[in-house]
S.K.: 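Please find one structure pasted underneath; my questions will follow.
Numbers here are sequence positions counted from 1.
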Amino acid sequence: MADSALPQTTPDSLASGRADALHRRGLMLILSSPSGAGKTTIAKRLLAHDPQIEASVSATTRPIRPGEVDGRDYHFVDRAEFDRMVEANEFYEWAEVFGNCYGTPKAHIRARLKEGGDTLFDIDWQGTQQLYQKAEADVVRVFILPPSIEELRRRLTGRGTDSAEVIAARMARAKAEISHWDGYDYVVVNDDVDACYAQICQILAAERLKRARQTGLIGFVRELTRA
Ligand SMILES: Nc1nc2c(ncn2[C@@H]2O[C@H](COP(=O)(O)OP(=O)(O)O)[C@@H](O)[C@H]2O)c(=O)[nH]1
Ligand SMILES: Nc1ncnc2c1ncn2[C@@H]1O[C@H](COP(=O)(O)OP(=O)(O)O)[C@@H](O)[C@H]1O
């Protein structure tokens with residue numbers, strides 16, 4: 001379905017009302033799934049439709065690829081700078097993958113949390129655990145499941161980005177990844193993509209309205225109960 005034909009559900013349109021006008025703290029929305037279940041599709045739709053959320057940009061030591069933009073796809077840094085950032089405790093988490101280092105810088109995300117901006121993470125269960133350990137109160141964890149294993153294989157094949165070997169490797173890893181479903185706050189089945197997207201908008205709307213995130217409520221209630 002073309003995006004223009006979508007129902008106009010956004011977390012904003014759901015979270016209307018007085019409390020939404022008050023200042024709130026931002027949140028860190030994590031989307032995880034076995035490869036092919038649809039997290040990139042959902043993430044792109046959220047980023048395109050919801051101005052309050054932006055994607056986390058990791059730092060990496062791997063060389064920039066054609067078509068990539070520094071600061072949009074990654075912050076490309078050399079090894080000395082990456083090591084300095086590790087030493088200075090500037091990452092929520094970091095890891096070495098195939099000889100290159102990757103990390104989630106804290107500073108920008110922390111500033112957004114204070115300002116009421118949300119950050120989207122497309123990461124696996126290990127990254128999720130690490131972020132949760134560092135920032136439990138700010139993290140909302142959503143796991144996306146495929147409707148069936150056969151459909152997962154169909155989607156990986158239909159996407160047309162991977163060789164038969166890579167698809168076989170992703171399928172082999174899928175069951176292990178699915179086994180971490182219970183480490184998440186919400187689990188959503190991506191059968192119909194519009195329904196799945198609408199559910200994630202509902203989750204985001206409700207999480208934004210949580211009392212602990214409504215930092216403006218203290219002053220509002222004080223005003224209400226004055227005199
Ligand atoms: N722990 C961690 N892993 C990351 C981060 N950013 C990217 N990765 C992982 O690094 C791996 C390689 O990413 P990339 O170089 O973009 O290669 P690609 O996934 O093949 O396009 C992927 O498995 C990513 O999930 C990060 O900030 N922290
Ligand atoms: N609900 C859905 N129904 C049918 N196809 C879907 C659905 N959600 C995603 N897809 C398709 O499945 C493929 C894998 O989705 P993608 O978002 O790339 O998954 P992931 O990021 O989890 O690896 C893509 O071709 C995407 O267009």
Side-chain angles (χ1 to χ4, degrees), residues 6-33 38-58 89-93 103-145 180-190 195-226:
L6 278 175
Q8 289 308 300
T9 313
T10 66
D12 279 349
S13 67
L14 290 167
S16 56
R18 183 67 193 92
D20 195 44
L22 298 173
H23 187 266
R24 71 170 176 91
R25 185 169 168 81
L27 54 78
M28 296 158 78
L29 179 70
I30 298 178
L31 295 182
S32 300
S33 77
K39 66 186 170 307
T40 307
T41 305
I42 298 290
K44 279 190 180 157
R45 199 173 277 189
L46 261 183
L47 292 168
H49 289 274
D50 186 346
Q52 292 188 58
I53 196 159
E54 70 174 43
S56 166
V57 180
S58 299
N89 195 25
E90 290 182 18
F91 292 123
Y92 275 114
E93 59 80 41
T104 308
K106 285 183 198 168
H108 182 63
I109 296 166
R110 283 202 167 154
R112 285 183 60 73
L113 287 168
K114 268 195 183 162
E115 289 160 8
D118 305 319
T119 307
L120 181 64
F121 297 82
D122 173 342
I123 52 174
D124 66 10
W125 66 272
Q126 280 162 316
T128 301
Q129 280 190 342
Q130 292 188 48
L131 272 194
Y132 187 71
Q133 279 162 13
K134 294 275 174 68
E136 181 179 333
D138 293 316
V139 163
V140 177
R141 300 162 297 177
V142 179
F143 197 79
I144 300 175
L145 286 173
H180 297 285
W181 69 282
D182 57 355
Y184 287 75
D185 303 303
Y186 301 90
V187 178
V188 177
V189 178
N190 179 18
C196 177
Y197 174 68
Q199 284 183 356
I200 288 173
C201 288
Q202 287 169 337
I203 291 166
L204 199 42
E207 288 286 345
R208 284 172 173 165
L209 288 169
K210 272 197 167 163
R211 179 169 57 82
R213 295 202 171 93
Q214 296 283 330
T215 44
L217 268 179
I218 299 167
F220 181 68
V221 171
R222 196 179 294 135
E223 266 312 298
L224 274 183
T225 54
R226 221 158 50 130

S.K.: Walk me through whether V140 and L204 qualify under side chain to side chain contact (heavy atoms under 4.5 Å, CB included).
M.R.: CA-CA 8 Å; V140 177; L204 199 42; over 6 Å; no

S.K.: Closest approach of W125 and Y184, non-hydrogen atoms and distance?
M.R.: CA-OH, 3.2 Å

S.K.: Over all heavy atoms of both residues, which pair between S33 and I144 is shortest? Give the atoms and the distance, please.
M.R.: CB-O, 3.0 Å

S.K.: Flag the pair D185 and K210 as a salt bridge only when some basic side-chain nitrogen lies within less than 4.0 angstrom of an acidic carboxylate oxygen.
M.R.: no

S.K.: Not counting sequence neighbours, which residues clear side-chain contact (heavy atoms from CB on, under 4.5 Å) with I218? List them please.
M.R.: R222

S.K.: Can you find a pair of side-chain heavy atoms, one from M28 and one from Y92, that are under 4.5 Å apart?
M.R.: yes

S.K.: Consider side chain to side chain contact (heavy atoms under 4.5 Å, CB included). Of T104, I30, L120, which one does S56 pass it with?
M.R.: T104

S.K.: Taking only Lys NZ, Arg NE, NH1 and NH2, and the carboxylate oxygens of Asp or Glu, determine whether K134 and E93 approach each other closer than 4.0 Å.
M.R.: no

S.K.: Measuring from atom CD of E90 to atom NE2 of H108, what distance do you get when rounded to the nearest 0.5 angstrom?
M.R.: 14.5 Å

S.K.: Less than 4.5 Å apart, side chain to side chain, heavy atoms only: is that true for L31 and I200?
M.R.: yes

S.K.: Flag the pair Y197 / N190 as yes when at least one side-chain heavy-atom distance between them is below 4.5 Å, and no otherwise.
M.R.: no

S.K.: Report the distance from atom CZ of F143 to atom NZ of K39, rounding to the nearest 0.5 Å.
M.R.: 8.5 Å

S.K.: Do Q202 and Y186 touch side chain to side chain, with heavy atoms closer than 4.5 Å?
M.R.: no

S.K.: Would you indicate whether the side-chain heavy atoms of D118 and D50 approach each other to under 4.5 Å?
M.R.: no

S.K.: Would you say that V142 contacts E207 through its side chain, given a criterion of any heavy-atom pair below 4.5 Å between the two side chains?
M.R.: no

S.K.: Considering non-hydrogen atoms only, spot the tightest contact between S58 and P105 and give its length.
M.R.: CA-CD, 4.1 Å

S.K.: Do R112 and E115 meet the salt-bridge criterion of a basic N to acidic O distance under 4.0 Å?
M.R.: no

S.K.: If I take atom CD from residue Q129 and atom NE2 from residue H180, how far apart are they, to the nearest 0.5 angstrom?
M.R.: 7.5 Å

S.K.: Can you name the nearest heavy-atom pair linking I53 to L47, along with the distance?
M.R.: O-CD2, 3.8 Å

S.K.: Is the backbone N or O of T215 less than 3.5 Å from a side-chain atom of R25, with the two atoms forming a donor-acceptor pair by type?
M.R.: no

S.K.: Start with the C-alpha gap between I109 and D138, add the side-chain angles, then the distance that decides, and say whether side chain to side chain contact (heavy atoms under 4.5 Å, CB included) holds.
M.R.: CA-CA 11 Å; I109 296 166; D138 293 316; over 6 Å; no

S.K.: What distance separates I203 CD1 from L29 CG, expressed to the nearest 0.5 Å?
M.R.: 8.0 Å

S.K.: Looking only at heavy atoms, which two atoms of A55 and T119 are closest? And how far apart?
M.R.: C-CG2, 4.2 Å

S.K.: How far apart are the closest heavy atoms of N89 and K106, and which atoms are they?
M.R.: O-NZ, 3.0 Å

